[in-house]
Amino acid sequence: MDAAIPDASEPYDPNWTDHDARVDLVPDAEPPAKQHVWADWTEFKTGAQGSASARFNIAAVDGGIALSYTGDLHNAQIDGGLPYWTPGTAYTSVAVPNPPDSNDNLQLAGGLGSVHTLTFSLPAKDPVLAILSLGSRATTTVLRFDNAFELLSYGPGYYQNAQELKHLPDNKLAGRESNGAIRFKGTFTTIRWTAEISEPWYGLTVGLPTPQ
């Protein structure tokens, strides 16, 4: 694709100005889209070696599916709090018709190669990550995932001055105060990524399509 023209008013950033923003083409996401169940986060521990636990209440799966997170955790919001997932249009698409339905979120920090890991108790099909406030207005934050993903949507979020998410080569996602959703097509027990550039925090939660 053609490189974007750098803005002379700010420093050149190859993780931003060299890439266009566009939602990936998802040919298998035609209607009817599947409703998604979003993680119910129940407990967490902050710090560089942080952790968190959640559950997906999926009727067709006896006992549901448990989810655990390990990695740098700035904070988390469970059982109420600020409506960070509004407006929901940033997180919906032809593949994901319903945005996160609670205020639950993990607030991740890290950088300089810090590793973040999500682990499902059972193989999970086509997991979706909703991401809010990735990066700041002037600084690009880059996440590098171990697996290929699809950029399903992006848009304005809880904080103002949001820019689009960008899907970079080598399974990288870049943001500047960006919000949106990405999908890992296939069946997974683990999703892992590295935060290449740090920031105070960005938000995250996980959705699964039903039925699984």
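- In this structure, the side chains of His19 and Pro169 come closer than 4.5 Å at one or more pairs of heavy atoms.
- Between Leu108 and His74, every side-chain heavy-atom pair lies at or beyond the 4.5 Å cut-off.
- Annotation for Leu168: hydrophobic cluster partners, listed by chain and number, are none (ILVMFWY side-chain heavy atoms under 4.5 Å, direct or chained).
- Under the 4.5 Å side-chain criterion, counting only non-hydrogen atoms from C-beta, Thr117 is in contact with Val115.
- Side-chain atoms of Gln77 come within 3.5 Å of backbone N or O of Asn103 as a donor-acceptor pair.
- Looking at heavy atoms from C-beta onward, Ile182 lies in side-chain contact with Leu173 at the 4.5 angstrom threshold.
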Going through the distances and angles, do Gln163 and Ser178 end up as a side chain to side chain donor-acceptor pair (under 3.5 Å)?
CA-CA 5 Å; Gln163 299 190 55; Ser178 305; over 6 Å; no
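- Checked by atom type and distance alone, the side chain of Ser102 pairs as donor or acceptor with a backbone atom of Asp104 at under 3.5 Å.
- When atom types are taken as modelled, the side chain of Thr139 and the backbone of Ser136 share no donor-acceptor pair closer than 3.5 angstrom.
- Shown here for Thr141 and Gly135, the closest heavy-atom pair between the two residues is OG1-CA, 3.3 Å.
- For Ala66, the side-chain contact (heavy atoms from CB on, under 4.5 Å) partners two or more places apart in sequence, or in a different chain, are Arg55, Ser121.
- Closest non-hydrogen pair, Gly157 versus Ala162, comes out as N-CB, 4.4 Å.
- If you take CG on Asp101 and CD on Gln35, they are separated by 9.5 Å, rounding to the nearest 0.5 Å.
- Sorted pairs that involve residues 36-55 and meet ring-ring contact (aromatic ring centres under 6.0 Å, His included), not counting sequence neighbours, are lacking altogether.
- By the salt bridge (charged side-chain N to carboxylate O under 4.0 Å, His left out) test, Asp146 pairs with Arg192, sequence neighbours left out.
- Atom-to-atom distance recorded for Leu151:CG and Glu164:CD is 10.0 Å, nearest 0.5 angstrom.
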Could you give me the CA-CA distance, side-chain angles and deciding distance for Arg137 and Glu177, then say whether salt bridge (charged side-chain N to carboxylate O under 4.0 Å, His left out) is met?
CA-CA 6 Å; Arg137 186 177 182 183; Glu177 199 63 71; over 6 Å; no
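- How far CG of Leu129 is from OG1 of Thr205: 8.5 Å, rounded to the nearest 0.5 Å.
- Counting heavy atoms from C-beta on, the side chains of Tyr202 and Ile131 come closer than 4.5 Å.
- Listed by chain and number, the residues in a side chain to side chain donor-acceptor pair (under 3.5 Å) with Thr70 amount to none (sequence neighbours excluded).
- Residues satisfying the side chain to side chain donor-acceptor pair (under 3.5 Å) test with Gln107, not counting sequence neighbours, are Asn105.
- Thr210 contributes no side-chain N or O that, together with a main-chain N or O of Gln212, makes up a donor-acceptor pair within less than 3.5 Å.
- Under the side-chain contact (heavy atoms from CB on, under 4.5 Å) criterion, Thr189 pairs with Pro123, not counting sequence neighbours.
- Shown here are the ring-ring contact (aromatic ring centres under 6.0 Å, His included) partners of Phe145, two or more places apart in sequence or in another chain: Phe149, Phe184, Trp193.
- The CZ atom of Arg144 lies 7.0 Å from the NZ atom of Lys172; values are rounded to the nearest 0.5 Å.
- Contacts of Thr140 classified as side-chain contact (heavy atoms from CB on, under 4.5 Å), with partners at least two apart in sequence or in another chain: Asp13, Asn15, Trp16, Val142, Ala174, Arg176.
- Atom CG of Leu143 and atom OG of Ser114 lie 9.0 Å apart (nearest 0.5 Å).
- Across Val94 and Ala33, no two heavy atoms sit closer than the pair O-CB, 2.8 Å.
- Other residues sharing the hydrophobic cluster of Trp85, ordered by chain and number and joined by side-chain separations under 4.5 Å: Leu82, Tyr84, Tyr91, Leu132, Tyr158, Tyr159, Trp201.
- Residues Ala90 and Asn179 share a closest heavy-atom pair of CB-CB, 4.1 Å.
- Residues Pro209 and Asp126 have side chains in contact (heavy-atom distance under 4.5 Å, counting atoms from C-beta outward).
- Ala181 and Leu165 make their closest contact through N-CD1, 4.4 Å (heavy atoms, listed as atom of the first residue, atom of the second, distance).
- Shown here are the side chain to side chain donor-acceptor pair (under 3.5 Å) partners of Tyr154, two or more places apart in sequence or in another chain: there are none.
- Partners of Asp40 under the side chain to side chain donor-acceptor pair (under 3.5 Å) rule, at least two apart in sequence or in another chain, do not exist in this structure.
- Using modelled atom types and a 3.5 Å distance limit, the side chains of Asp24 and His167 yield a donor-acceptor pair.
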Worked verdict on Ile58 versus Ile65 for side-chain contact (heavy atoms from CB on, under 4.5 Å)
CA-CA 7 Å; Ile58 298 175; Ile65 298 176; 4.0 Å; yes
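- Contact check for Val206 versus Leu67: side-chain heavy atoms found under the 4.5 Å cut-off.
- Nearest heavy atoms, Ala76 versus Leu106: CB-CD2, 4.0 Å.
- Using a 4.5 Å heavy-atom threshold, the side chains of Asn147 and Ile191 count as separate.
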